[in-house]
Amino acid sequence: MALDDIRARIRAAEAAAGRPPGSVTLIAVSKLQPADRVEAALDQGQRVFGENYVQEAQRKWPAWRARWPEVALHMIGPLQSNKARAAVELFDAIHGVDRASLARRLARVAQETGLAPQVFVQVNTGAEPQKAGVLPAEADALIQECRQLGLNLAGCMCIPPDDADPRPHFQLLRETATRNGLSGLSMGMSADFETAIAEGATHVRVGSAIFGARPTERPG
Ligand SMILES: *Cc1c(COP(=O)(O)O)cnc(C)c1O
(Lines give C-alpha, C1' and ligand atoms only; values in the text may rest on other atoms or scores of the structure.)
Protein backbone atom coordinates (compact mmCIF):
# COMPACT_ATOMS: atom_id res chain seq x y z
CA MET A 1 0.00 0.00 0.00
CA ALA A 2 1.10 3.57 -0.62
CA LEU A 3 1.54 4.31 3.08
CA ASP A 4 4.16 1.57 3.44
CA ASP A 5 5.98 2.94 0.43
CA ILE A 6 6.04 6.47 1.87
CA ARG A 7 7.26 5.16 5.22
CA ALA A 8 10.08 3.28 3.48
CA ARG A 9 11.05 6.35 1.48
CA ILE A 10 11.14 8.45 4.66
CA ARG A 11 13.40 5.88 6.38
CA ALA A 12 15.69 5.84 3.32
CA ALA A 13 15.85 9.65 3.21
CA GLU A 14 16.64 9.78 6.94
CA ALA A 15 19.45 7.27 6.45
CA ALA A 16 20.82 9.08 3.39
CA ALA A 17 20.97 12.29 5.42
CA GLY A 18 22.68 10.54 8.34
CA ARG A 19 19.67 11.16 10.53
CA PRO A 20 18.32 8.63 13.04
CA PRO A 21 15.33 6.50 12.03
CA GLY A 22 12.14 8.05 13.33
CA SER A 23 13.53 11.59 13.41
CA VAL A 24 10.94 12.64 10.83
CA THR A 25 7.24 12.70 11.72
CA LEU A 26 4.91 11.80 8.87
CA ILE A 27 1.78 13.94 8.91
CA ALA A 28 -0.75 12.16 6.70
CA VAL A 29 -2.79 14.94 5.10
CA SER A 30 -6.36 13.64 5.08
CA LYS A 31 -8.23 16.78 3.98
CA LEU A 32 -11.07 16.04 1.57
CA GLN A 33 -10.20 12.34 1.43
CA PRO A 34 -12.92 9.68 1.53
CA ALA A 35 -13.41 8.11 4.96
CA ASP A 36 -12.44 4.60 3.88
CA ARG A 37 -8.97 5.74 2.83
CA VAL A 38 -8.38 7.48 6.15
CA GLU A 39 -9.63 4.45 8.09
CA ALA A 40 -7.27 2.22 6.09
CA ALA A 41 -4.35 4.38 7.22
CA LEU A 42 -5.57 4.29 10.83
CA ASP A 43 -5.78 0.50 10.57
CA GLN A 44 -2.18 0.49 9.42
CA GLY A 45 -1.07 2.36 12.51
CA GLN A 46 -0.86 5.90 11.15
CA ARG A 47 -1.53 8.21 14.09
CA VAL A 48 -0.59 11.72 12.94
CA PHE A 49 -2.92 13.50 10.51
CA GLY A 50 -3.13 16.92 8.92
CA GLU A 51 -6.27 18.87 8.05
CA ASN A 52 -6.75 22.25 6.36
CA TYR A 53 -10.28 23.22 7.31
CA VAL A 54 -11.54 23.54 10.89
CA GLN A 55 -15.14 22.68 10.06
CA GLU A 56 -14.23 19.61 8.03
CA ALA A 57 -12.00 18.36 10.84
CA GLN A 58 -14.74 19.01 13.43
CA ARG A 59 -17.11 16.86 11.40
CA LYS A 60 -14.75 13.96 10.82
CA TRP A 61 -12.40 13.51 13.73
CA PRO A 62 -14.42 13.19 16.97
CA ALA A 63 -15.70 9.74 15.95
CA TRP A 64 -12.28 8.52 14.81
CA ARG A 65 -10.64 9.88 17.92
CA ALA A 66 -13.09 7.98 20.08
CA ARG A 67 -11.82 4.81 18.38
CA TRP A 68 -8.15 5.82 18.10
CA PRO A 69 -7.58 8.16 21.09
CA GLU A 70 -3.83 8.46 20.52
CA VAL A 71 -4.29 10.28 17.20
CA ALA A 72 -2.55 13.65 16.92
CA LEU A 73 -4.15 16.24 14.64
CA HIS A 74 -2.23 19.03 12.94
CA MET A 75 -3.93 22.10 11.48
CA ILE A 76 -1.84 22.86 8.38
CA GLY A 77 -4.03 25.34 6.49
CA PRO A 78 -4.43 29.10 6.91
CA LEU A 79 -6.33 29.87 10.11
CA GLN A 80 -8.89 32.65 10.38
CA SER A 81 -8.77 34.40 13.74
CA ASN A 82 -12.46 33.72 14.38
CA LYS A 83 -11.71 29.98 14.25
CA ALA A 84 -8.79 30.17 16.68
CA ARG A 85 -10.81 28.84 19.61
CA ALA A 86 -12.17 25.88 17.67
CA ALA A 87 -8.69 25.14 16.36
CA VAL A 88 -7.12 25.18 19.83
CA GLU A 89 -9.84 22.87 21.10
CA LEU A 90 -9.41 20.38 18.26
CA PHE A 91 -5.77 20.37 17.18
CA ASP A 92 -2.53 19.27 18.81
CA ALA A 93 -0.46 21.50 16.53
CA ILE A 94 -1.17 24.59 14.45
CA HIS A 95 1.17 25.23 11.51
CA GLY A 96 -0.24 28.36 9.92
CA VAL A 97 0.63 31.03 12.49
CA ASP A 98 1.69 33.96 10.33
CA ARG A 99 0.66 37.19 12.06
CA ALA A 100 0.82 38.76 15.48
CA SER A 101 -2.95 39.20 15.77
CA LEU A 102 -3.47 35.45 15.34
CA ALA A 103 -0.67 34.67 17.80
CA ARG A 104 -2.29 36.94 20.38
CA ARG A 105 -5.68 35.32 19.82
CA LEU A 106 -4.19 31.84 20.21
CA ALA A 107 -2.41 32.87 23.39
CA ARG A 108 -5.63 34.22 24.87
CA VAL A 109 -7.55 31.06 24.01
CA ALA A 110 -4.74 28.89 25.35
CA GLN A 111 -4.88 30.75 28.62
CA GLU A 112 -8.67 30.45 28.84
CA THR A 113 -8.78 26.76 27.98
CA GLY A 114 -5.54 25.52 29.51
CA LEU A 115 -4.72 23.91 26.16
CA ALA A 116 -1.34 24.50 24.55
CA PRO A 117 -1.12 23.18 21.00
CA GLN A 118 2.28 23.26 19.36
CA VAL A 119 2.74 26.29 17.13
CA PHE A 120 4.67 26.49 13.87
CA VAL A 121 5.27 29.93 12.39
CA GLN A 122 4.55 29.85 8.67
CA VAL A 123 7.13 31.69 6.58
CA ASN A 124 6.32 32.80 3.03
CA THR A 125 9.81 31.89 1.80
CA GLY A 126 9.02 32.87 -1.79
CA ALA A 127 7.40 36.18 -0.71
CA GLU A 128 4.44 35.27 -2.92
CA PRO A 129 1.67 37.89 -2.62
CA GLN A 130 -1.16 35.33 -2.76
CA LYS A 131 0.36 32.98 -0.21
CA ALA A 132 -0.04 32.87 3.55
CA GLY A 133 2.98 33.21 5.79
CA VAL A 134 5.05 35.96 7.34
CA LEU A 135 7.65 37.51 5.05
CA PRO A 136 11.15 36.16 5.70
CA ALA A 137 12.39 39.55 6.89
CA GLU A 138 9.61 39.72 9.47
CA ALA A 139 9.86 36.15 10.73
CA ASP A 140 12.25 36.81 13.60
CA ALA A 141 9.97 39.46 15.08
CA LEU A 142 6.92 37.20 14.88
CA ILE A 143 8.78 34.29 16.44
CA GLN A 144 9.91 36.57 19.25
CA GLU A 145 6.34 37.74 19.77
CA CYS A 146 5.10 34.12 19.94
CA ARG A 147 7.74 33.45 22.60
CA GLN A 148 6.75 36.47 24.64
CA LEU A 149 3.12 35.38 24.47
CA GLY A 150 4.08 32.04 25.98
CA LEU A 151 2.88 29.97 23.03
CA ASN A 152 4.13 26.39 22.77
CA LEU A 153 6.47 27.26 19.93
CA ALA A 154 7.70 24.20 18.04
CA GLY A 155 9.23 25.51 14.83
CA CYS A 156 8.69 26.94 11.37
CA MET A 157 6.66 25.84 8.37
CA CYS A 158 6.77 26.70 4.66
CA ILE A 159 5.20 25.86 1.31
CA PRO A 160 7.66 26.65 -1.49
CA PRO A 161 6.39 28.27 -4.71
CA ASP A 162 4.81 25.80 -7.13
CA ASP A 163 7.24 25.86 -9.99
CA ALA A 164 10.47 26.51 -8.13
CA ASP A 165 13.27 24.31 -6.90
CA PRO A 166 12.14 23.80 -3.28
CA ARG A 167 15.64 23.31 -1.88
CA PRO A 168 16.62 26.98 -1.35
CA HIS A 169 13.25 27.53 0.33
CA PHE A 170 13.83 24.63 2.71
CA GLN A 171 17.30 26.03 3.42
CA LEU A 172 15.91 29.49 4.13
CA LEU A 173 13.37 27.99 6.53
CA ARG A 174 16.07 25.99 8.30
CA GLU A 175 18.25 29.08 8.67
CA THR A 176 15.32 31.03 10.07
CA ALA A 177 14.51 28.33 12.62
CA THR A 178 18.13 27.78 13.63
CA ARG A 179 18.78 31.50 14.07
CA ASN A 180 15.79 31.59 16.43
CA GLY A 181 16.69 28.49 18.39
CA LEU A 182 13.81 26.42 17.03
CA SER A 183 14.21 22.74 16.16
CA GLY A 184 10.92 21.98 14.38
CA LEU A 185 10.82 22.20 10.58
CA SER A 186 7.48 21.44 8.91
CA MET A 187 8.38 21.22 5.24
CA GLY A 188 8.02 18.80 2.35
CA MET A 189 4.88 17.46 0.65
CA SER A 190 4.15 14.58 -1.73
CA ALA A 191 6.41 15.91 -4.48
CA ASP A 192 9.41 16.98 -2.42
CA PHE A 193 9.50 15.38 1.02
CA GLU A 194 12.79 13.58 0.40
CA THR A 195 14.51 16.87 -0.47
CA ALA A 196 12.96 18.39 2.65
CA ILE A 197 14.32 15.56 4.81
CA ALA A 198 17.78 16.07 3.30
CA GLU A 199 17.47 19.71 4.38
CA GLY A 200 16.42 18.87 7.93
CA ALA A 201 12.62 18.52 7.93
CA THR A 202 11.27 17.17 11.22
CA HIS A 203 7.66 17.03 9.96
CA VAL A 204 6.64 16.19 6.39
CA ARG A 205 3.06 16.78 5.26
CA VAL A 206 2.11 14.14 2.71
CA GLY A 207 -1.39 13.77 1.30
CA SER A 208 -1.97 12.60 -2.25
CA ALA A 209 1.06 10.29 -2.34
CA ILE A 210 -0.56 8.30 0.49
CA PHE A 211 -4.28 8.60 -0.20
CA GLY A 212 -4.46 9.32 -3.92
CA ALA A 213 -5.81 12.43 -5.62
CA ARG A 214 -8.25 14.60 -3.69
CA PRO A 215 -11.54 15.91 -5.02
CA THR A 216 -10.69 19.53 -5.82
CA GLU A 217 -13.80 21.11 -4.31
CA ARG A 218 -13.50 22.63 -0.89
CA PRO A 219 -16.29 21.41 1.39
CA GLY A 220 -18.92 23.93 2.48
C1 LIG B 1 -2.75 19.79 1.07
C2 LIG B 1 -1.49 20.15 1.75
C3 LIG B 1 -0.43 19.23 1.85
C4 LIG B 1 -0.45 17.86 1.19
O5 LIG B 1 -0.21 18.02 -0.17
P6 LIG B 1 0.10 16.75 -1.10
O7 LIG B 1 0.71 17.37 -2.30
O8 LIG B 1 -1.19 16.09 -1.36
O9 LIG B 1 1.06 15.90 -0.38
C10 LIG B 1 0.67 19.60 2.59
N11 LIG B 1 0.76 20.80 3.18
C12 LIG B 1 -0.23 21.72 3.10
C13 LIG B 1 -0.08 23.03 3.78
C14 LIG B 1 -1.37 21.43 2.37
O15 LIG B 1 -2.34 22.35 2.28
Side-chain angles (χ1 to χ4, degrees), residues 1-10 13 24-35 37-38 40-41 44 46-58 60-61 72-80 83 87 90-99 102 117-128 130-134 139 154-167 169-170 172-174 176-177 184-219:
M1 198 247 189
L3 180 58
D4 289 325
D5 175 56
I6 298 300
R7 285 171 170 161
R9 286 169 60 189
I10 289 172
V24 176
T25 297
L26 170 60
I27 301 172
V29 178
S30 48
K31 64 175 175 213
L32 304 178
Q33 293 288 353
R37 296 186 194 168
V38 181
Q44 288 183 80
Q46 180 64 30
R47 291 294 179 265
V48 184
F49 290 85
E51 292 283 348
N52 282 54
Y53 311 109
V54 171
Q55 277 163 306
E56 182 192 356
Q58 281 175 323
K60 298 192 314 192
W61 279 99
L73 274 189
H74 291 237
M75 171 65 182
I76 62 170
L79 181 59
Q80 295 165 257
K83 302 225 170 93
L90 188 62
F91 290 97
D92 302 285
I94 296 175
H95 292 232
V97 179
D98 64 354
R99 56 199 188 277
L102 177 59
Q118 289 190 328
V119 163
F120 290 78
V121 168
Q122 182 172 356
V123 182
N124 185 354
T125 56
E128 296 174 274
Q130 82 287 4
K131 195 165 272 179
V134 63
C156 295
M157 178 268 212
C158 76
I159 307 171
D162 278 341
D163 296 315
D165 174 5
R167 193 177 290 267
H169 296 272
F170 296 152
L172 175 59
L173 194 73
R174 188 185 62 217
T176 303
L185 283 173
S186 168
M187 58 190 199
M189 304 171 33
S190 288
D192 55 19
F193 68 89
E194 285 146 319
T195 304
I197 291 170
E199 294 299 337
T202 60
H203 295 70
V204 294
R205 310 178 307 266
V206 181
S208 46
I210 296 174
F211 298 111
R214 289 179 285 277
T216 48
E217 279 307 295
R218 192 194 147 149

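Numbering starts at 1 and runs along the sequence shown. Order of appearance sets the numbers: ligands from 1, and atoms from 1 within every ligand. Just so we're clear, the structure is a prediction, and the values are computed from it rather than from any experiment.
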Provide, to 0.1 Å, the distance between [atom] and the closest protein heavy atom, together with that atom's residue and name.
{"atom": "atom 9 (O) of ligand 1", "answer": "S190 OG, 2.5 Å"}
{"atom": "atom 12 (C) of ligand 1", "answer": "I76 CD1, 3.5 Å"}
{"atom": "atom 5 (O) of ligand 1", "answer": "M189 CE, 3.4 Å"}

Could you list which atoms of ligand 1 come closer than 4.0 Å to a heavy atom of [X]?
{"X": "I159", "result": "13 (C)"}
{"X": "N52", "result": "14 (C), 15 (O)"}
{"X": "S208", "result": "6 (P), 7 (O), 8 (O), 9 (O)"}
{"X": "G207", "result": "4 (C), 6 (P), 8 (O), 9 (O)"}
{"X": "R205", "result": "4 (C), 9 (O), 10 (C), 11 (N), 12 (C), 13 (C)"}
{"X": "K31", "result": "1 (C), 2 (C), 3 (C), 14 (C), 15 (O)"}

(Q) Exactly one of H95, M187, M75 should register a side-chain contact (heavy atoms from CB on, under 4.5 Å) with F120. Which one does? (A) H95

Q. Are any of the heavy atoms in H95 under 4.0 Å away from ligand 1?
A. no

Q) Which heavy atom in V54 sits nearest to a heavy atom in A87, and how many Å separate them? A) CG2-CB, 4.4 Å

Q.
I need the minimum non-hydrogen distance between V38 and S30, along with the two atoms involved.
A. CG2-CB, 3.9 Å

Q | No-hydrogen, no-angle side-chain donor-acceptor test under 3.5 Å, Q46 and Q44 | A | no

Q: Compute whether any side-chain donor of one residue and acceptor of the other, for H203 and S186, lie under 3.5 angstrom apart.
A: no

Q. Less than 3.5 Å between some nitrogen or oxygen of V206 and one of ligand 1, yes or no?
A. no

Q. Are the side chain of K131 and the backbone N or O of P160 linked by a donor-acceptor pair below 3.5 Å?
A. yes

Q) Does the Q122 side chain pair with the main chain of N124, one donor and one acceptor, at a distance under 3.5 Å? A) no

Q: Pick out which of R205, K60, K31 makes a salt bridge (charged side-chain N to carboxylate O under 4.0 Å, His left out) with E51.
A: K60

